[in-house]
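What follows is a short report on a single structure.
What you see is a predicted model, and the numbers here were worked out from it, not measured in a lab.
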Amino acid sequence: MPTELALLPFIESAFNPQAFSSAKAAGMWQFIPSTGRDFKLKQNMFKDERRDVLASTDAALTYLQKLYGMFGDWQLALAAYNWGEGSVQRAVKKNQAAGLGTDFNSLSALMPAETRNYVPKLQAVKNIIAHPDQYHVTLPKVDNQPYFITIGKTRDIDVKVAAQLAELSLDEFKALNPQFNRPVITGGAQTQILLPESNAAKFKQNLSKWGHALSSWTSHTVTGARERIEAIATKFGTTPAVIREVNNIPPKMLLKAGSTILVPRTALSADKDIAPELADSATMAVERDAPETRRITIKVGKRDTLASIARRYKVSVAQVKSWNGLNRDAVSSGQSLQLQVAVARSKHGGSRIAAGKAQRGKTDVAQGKSGRNAKSASVKVAPRG
C-alpha cells in the first residue's frame with residue numbers, strides 16, 4: 001500500500017480521534033456507523049471502536065485495500081473512501097457510456113468539491129512532509145520506533161484508576177484511549193489499552209501492588225416500564241445527579257425498559273465485573289418525563305360546558321372532542337364523556353388524578369388500561385471517560 005496513506009487521517013480529522021462530523025462519522029478515519037459495523041468496529045454504550053486508534057486504523061486499511069481491489073487505482077480508491085464506492089462506480093459507468101476517461105482527473109468534474117480536492121490535499125501534505133524546508137515548515141522530530149504498546153485488560157477498571165496506575169494525567173490517558181465512552185473500561189479477552197512504553201512498565205508494577213478495588217461501577221438493567229432514576233439512586237446508595245452525569249441522561253428524561261446504565265458497586269456486587277456479552281449489547285434509551293394518564297368516564301353536569309370540563313381536568317376542548325368523536329361544542333346534561341387525565345405521582349410512589357375531584361358531576365375511573373402521552377426521544381452519547 002502507498003505509504004502516504006498513513007497521512008490520510010490528517011485530511012479526514014487532523015489526526016483527532018475524537019472528531020465527530022455532522023454525518024455521524026467518528027474517529028481519526030471518520031467511519032460512519034454502518035461502515036464501522038461492516039468492518040467489525042464495535043459501537044455500544046461502553047466503547048466506540050471507530051475512535052480506537054489501532055482498531056480503526058486496521059479497519060481503514062482493510063477498507064482501502066478492498067476499494068483498490070474494486071477500482072484498480074489508488075486515486076479512485078481514495079475518492080471512493082470519501083464519496084462512497086457506489087458514487088464512484090456510477091461516475092465510471094457514466095463516463096464509459098460517454099466514451100470518456102475513467103481516471104480520477106476525468107471523473108473529477110462529476111465529483112463534489114470535497115472529493116475533487118481530496119486526493120490533491122493528500123498529495124500536498126505528502127509534499128510538505130517530504131520537503132518541509134521547501135515550504136518553510138519545521139516539523140518535530142519523530143523517533144523511528146513505536147510510541148505506545150498494548151496492555152491486555154481482563155478485569156473492569158475505572159479510567160481514572162488506569163491513568164493513576166500508569167502515572168499519566170487523565171487527559172494523556174484519554175488521548176491514547178479515546179474509544180471508551182464511560183468512566184469504566186469493561187474487561188474481556190479482547191480489551192486493550194494503549195500506553196507509552198515507559199508508562200506500561202509503571203502500570204504493571206503499580207497494578208501488582210494495588211490493594212484496592214479496580215472499578216467502582218457496575219451495571220443495572222431497567223426492568224420496569226418507568227423505573228425512576230430517583231429509585232435507582234436510592235437502591236445503589238447514590239444521588240440522581242450522579243446517575244444522570246455518569247450515564248449522560250439529560251434532565252427531564254426517563255429511562256426506558258431494557259436500558260443498561262452504570263451504577264455504583266455495592267457490597268453485593270463488589271467482586272462482579274460487567275459481563276462481556278452485556279457490555280457488547282448494552283443500550284440506553286430515554287423518553288420525556290411526561291405524566292402518565294388514566295382514562296376516566298364523567299357525567300356532564302347541568303351547568304357544564306366543554307370549556308368548563310376542559311379547564312377542570314386540565315385538558316383542551318379539542319382533546320375532549322377528539323376523545324369522544326364530537327363535532328360540536330355543545331354537550332347535554334347527563335351525557336357520558338371519556339377523558340385522558342394526567343396522573344400525578346406522590347412522594348411514596350402512589351398516584352392520584354392530577355385534576356382532583358370534580359366540582360360538579362359524577363366521576364368514575366374506567367377499567368381501561370393506563371396510557372402515556374410521552375413521546376420517545378433519541379439521545380446521542382457523548383463520549384465520556
Side-chain angles (χ1 to χ4, degrees), residues 45 220-236 239-241 243-245 247-261 263 282-381:
M45 65 173 288
H220 171 72
T221 300
V222 177
T223 55
R226 289 173 75 88
E227 186 175 0
R228 305 288 297 181
I229 292 174
E230 292 79 5
I232 296 172
T234 300
K235 181 178 179 180
F236 290 94
T239 66
I243 296 292
R244 287 188 180 277
E245 181 180 3
N247 293 286
N248 199 33
I249 304 171
K252 298 182 181 180
M253 289 288 182
L254 293 177
L255 292 162
K256 287 187 176 182
S259 294
T260 297
I261 61 171
V263 293
T283 59
M284 189 187 79
V286 298
E287 62 185 358
R288 296 190 186 282
D289 188 5
E292 294 185 31
T293 61
R294 181 174 297 167
R295 189 178 68 186
I296 65 172
T297 301
I298 68 165
K299 295 285 187 180
V300 177
K302 290 182 180 180
R303 298 182 181 180
D304 278 339
T305 64
L306 275 182
S308 68
I309 293 170
R311 282 195 303 271
R312 187 182 312 147
Y313 290 96
K314 299 180 181 179
V315 295
S316 69
V317 171
Q319 286 176 313
V320 177
K321 292 173 68 175
S322 174
W323 293 329
N324 294 277
L326 302 177
N327 295 319
R328 300 182 302 127
D329 289 346
V331 288
S332 304
S333 177
Q335 181 180 352
S336 293
L337 293 178
Q338 300 287 325
L339 304 179
Q340 291 284 351
V341 181
V343 178
R345 302 181 186 89
S346 73
K347 293 181 179 179
H348 303 290
S351 60
R352 58 183 175 81
I353 297 175
K357 294 183 179 179
Q359 294 176 354
R360 292 180 296 276
K362 181 180 177 182
T363 303
D364 297 310
V365 177
Q367 297 300 314
K369 295 181 180 179
S370 297
R372 291 186 188 87
N373 288 330
K375 294 182 179 180
S376 296
S378 174
V379 174
K380 179 175 71 175
V381 176

Fill in: Counterpart residues, side chain to side chain contact (heavy atoms under 4.5 Å, CB included), relative to Ser322 (two or more places apart)
none
Item to complete: Please name all residues satisfying side chain to side chain contact (heavy atoms under 4.5 Å, CB included) with Ser336, sequence neighbours left out, ordered by chain then number.
Response: Thr297, Lys299
Could you tell me which non-hydrogen atom of [X] sits nearest to which non-hydrogen atom of [Y], and how far apart they are?
{"X": "Ser316", "Y": "Ala310", "answer": "C-CB, 3.8 Å"}
{"X": "Leu306", "Y": "Lys321", "answer": "CD1-CG, 3.7 Å"}
{"X": "Arg244", "Y": "Pro250", "answer": "NH1-O, 2.7 Å"}
{"X": "Ile298", "Y": "Ile296", "answer": "CG2-CD1, 3.9 Å"}
{"X": "Met284", "Y": "Thr260", "answer": "CB-O, 4.0 Å"}
{"X": "Ala257", "Y": "Thr223", "answer": "CB-O, 3.9 Å"}

In Å, rounded to the nearest 0.5 Å, how long is the span from [atom1] of [X] to [atom2] of [Y]?
{"X": "Glu227", "Y": "His220", "atom1": "CD", "atom2": "NE2", "result": "3.5 Å"}
{"X": "Asn248", "Y": "Met45", "atom1": "CG", "atom2": "CE", "result": "10.0 Å"}
{"X": "Thr283", "Y": "Lys256", "atom1": "OG1", "atom2": "NZ", "result": "10.5 Å"}

Worksheet item: Stepwise, does the side chain to side chain contact (heavy atoms under 4.5 Å, CB included) test hold for Asn324 with Val331?
Response: CA-CA 11 Å; Asn324 294 277; Val331 288; over 6 Å; no
Worksheet item: Judged by atom type as modelled, is there a donor-acceptor pair below 3.5 Å linking the side chain of Ser332 to the main-chain atoms of Gln335?
Response: no
Worksheet item: Run the side chain to side chain contact (heavy atoms under 4.5 Å, CB included) check on Arg312 and Asp304 step by step: do they pass?
Response: CA-CA 10 Å; Arg312 187 182 312 147; Asp304 278 339; 2.6 Å; yes
Worksheet item: Given the rule in the side chain to side chain contact (heavy atoms under 4.5 Å, CB included) test, do Ile229 and Ile261 qualify, once you have shown the distances and angles that lead to the verdict?
Response: CA-CA 10 Å; Ile229 292 174; Ile261 61 171; over 6 Å; no
Practice prompt. Evaluate side chain to side chain contact (heavy atoms under 4.5 Å, CB included) for Met253 paired with Arg288, printing each intermediate quantity in order.
Written response: CA-CA 5 Å; Met253 289 288 182; Arg288 296 190 186 282; 3.8 Å; yes
Worksheet item: So do Arg294 and Val341 actually touch side chain to side chain, heavy atoms under 4.5 Å?
Response: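 They are not in contact (no side-chain heavy atoms under 4.5 Å apart), so the answer is no.
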